[in-house]
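Here the structure is a predicted model, which means the values were calculated and not measured.
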Amino acid sequence: MHYRGIFPRDLFSELERLQREFDRSPSIRGAAPGYPAMNVGTTPKSVEVYAFAPGMTPEEFDVQVENGVLTISGERKNIVPPEGATIHIGEHFSGRFRRVVSLPDDIEPNSTTASYRDGVLHVCVARREAAQSRRISVQ
């Protein structure tokens with residue numbers, strides 16, 4: 001009975017509240033955890049990265065490859081509601097972001113390309129020719 005003052009009445013709801021608070025807190029990689037959402041994959045010739053960031057322009061992104069690390073950063077502008085409007089749910093992220101992807105050792109950073117279309121940033125980092133597998137004919 002003397003523990004009642006130490007522990008909240010509903011411990012699980014308190015844990016859920018803490019988890020929600022943690023999910024909204026800034027991460028080491030940027031202001032918004034997981035923004036923009038990304039898909040990262042590889043092919044025999046490249047590393048393919050897709051960052052989903054609708055409502056931005058190509059000029060708002062900064063894409064860099066340095067020491068085997070791909071960094072995508074930028075700033076998403078705030079959407080200003082019409083005057084007199086009341087926002088009931090606000091899930092649109094605005095502000096600075098930064099996402100970091102470690103790349104394999106066999107990349108060719110000078111052959112990196114980036115394009116932005118329909119809200120998706122596509123970054124293609126080529127692999128070195130020597131690192132690509134080749135079929136050897138046996139004679």
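Considering only heavy atoms from C-beta on, L70 comes within 4.5 Å of V63 through its side chain. Annotation: side chain of F97 is not in contact with side chain of E75 (no heavy-atom distance under 4.5 Å). A 4.5 Å side-chain heavy-atom check between T71 and R98 finds at least one atom pair inside the cut-off. Using a 4.5 Å heavy-atom threshold, the side chains of P104 and V47 count as touching.
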Quiz item: Can you check side-chain contact (heavy atoms from CB on, under 4.5 Å) on M38 and V49, steps first, answer last?
Solution: CA-CA 7 Å; M38 293 185 6; V49 178; 4.1 Å; yes
Self-check item: From CA spacing to verdict: side-chain contact (heavy atoms from CB on, under 4.5 Å), D62, Q64
Solution: CA-CA 7 Å; D62 181 24; Q64 296 182 15; 3.1 Å; yes
Quiz item: Going through the distances and angles, do K77 and E60 end up as a side-chain contact (heavy atoms from CB on, under 4.5 Å)?
Solution: CA-CA 9 Å; K77 305 263 188 283; E60 293 174 315; 3.6 Å; yes
Practice problem: Check step by step if side-chain contact (heavy atoms from CB on, under 4.5 Å) holds for T42 and R127. | Solution: CA-CA 10 Å; T42 60; R127 293 178 181 260; 3.3 Å; yes
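Between R128 and D106, none of the side-chain N atoms (NZ, or NE/NH1/NH2) sits under 4.0 Å from a carboxylate O, so this pair counts as no salt bridge.
Nearest heavy-atom pair, L121 versus Y116, reported as atom, atom and distance to 0.1 Å: N-CD1, 3.7 Å. Closest approach of P109 and V65 over heavy atoms only: CB-CG1, 3.7 Å.
To the nearest 0.5 Å, the span separating OG on S73 from CZ on R96 amounts to 6.0 Å. A distance of 10.0 Å separates OG in S111 from CD in E129, rounded to the nearest 0.5 Å. Note that OG1 of T43 and CD of E48 are 5.5 Å apart. Values are rounded to the nearest 0.5 Å.
Below 30°, between 30° and 60°, or above 60°: for Y50 and H122 the angle between ring planes is below 30°, a parallel geometry.
Side chain to side chain, Y35 and R76 meet the donor-acceptor criterion of an N or O pair below 3.5 Å.
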